[in-house]
Amino acid sequence: MNFETSLKEKNLKVTPQRIAILREIEQNGHIGVDDIYSNIKKDYPSISLATVYKNITALYEANILREVKAPAQKQRYELSSDHHIHVACEKCGKLEDIRVDVSSISNECAKITGYTLYDTSAIFIGICPECASKTHKNKK
């Protein structure tokens with residue numbers, strides 16, 4: 001993704017801090033504001049947490065970022081891309097993208113409700129294979 005182009009297309013000023021935030025999210029997939037702040041503070045020691053929040057808000061409102069909120073976890077952010085759903089581990093908090101065709105579910109929801117649907121936000125909660133194997137090993 002060309003971050004400068006994306007920012008300009010959304011009429012947002014291209015700043016080193018915004019580019020750093022977007023790169024951090026690109027590298028980490030799903031990441032919270034506190035982690036973004038900790039990671040970019042190394043390169044931008046004068047940046048404040050408030051500045052990171054302000055930029056995250058602007059990027060979210062411009063639809064460059066999407067917010068992902070799993071139950072009992074802090075919200076995380078990802079780059080806006082294709083429509084997908086997520087699976088989250090309730091033990092370790094791992095969050096993964098799953099690309100499946102949700103059109104039949106979306107169409108059924110639109111039919112039942114009469115809504116015009118344009119986006120998908122779904123999170124399936126469970127236990128990841130790593131946590132499941134640890135639980136299984138501990139029971140032996």
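- Lys69 NZ: more than 12 foreign heavy atoms inside a 6.0 Å radius.
- Taking both residues in full, the closest heavy atoms of Phe3 and Ile19 are given as CB-CD1, 3.6 Å, listed atom of the first, atom of the second, then distance.
- Looking at Thr113, its side chain does come within 3.5 Å of a backbone N or O of Cys109 through a donor-acceptor pair.
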Test Glu67 against Tyr77 for side chain to side chain contact (heavy atoms under 4.5 Å, CB included), laying out the working first. CA-CA 5 Å; Glu67 186 178 77; Tyr77 293 88; 3.2 Å; yes
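- A donor-acceptor pair is defined here as one N or O able to donate and one able to accept, closer than 3.5 Å; such a pair exists between the side chain of Asn2 and the backbone of Thr5.
- Remark: His30 engages His86 in a ring pair (Phe, Tyr, Trp, His ring centres under 6.0 Å) (not counting sequence neighbours).
- Using a 4.0 Å cut-off between a side-chain N of Lys or Arg and a carboxylate O of Asp or Glu, Arg76 and Glu78 do not qualify as a salt bridge.
- Ile127 and Val87 fall into different hydrophobic clusters, where Ile, Leu, Val, Met, Phe, Trp and Tyr side chains are chained together by heavy-atom contacts under 4.5 Å.
- Checking side-chain atoms of Lys91 against main-chain N and O of Cys131 turns up no donor-acceptor pair under 3.5 Å.
- A continuous path of Ile, Leu, Val, Met, Phe, Trp and Tyr side chains, each step under 4.5 Å between heavy atoms, connects Ile36 with Leu12, placing both in one hydrophobic cluster.
- Rounding to the nearest 0.5 angstrom, the gap separating the CD atom in Gln73 from the CD1 atom in Ile125 is 7.0 Å.
- Ile47 and Gln17 get closest at one heavy-atom pair: CD1-CG, 3.7 Å.
- Pairs of residues two or more places apart, or lying in two chains, never qualify as ring pair (Phe, Tyr, Trp, His ring centres under 6.0 Å) while including a residue from residues 38-62.
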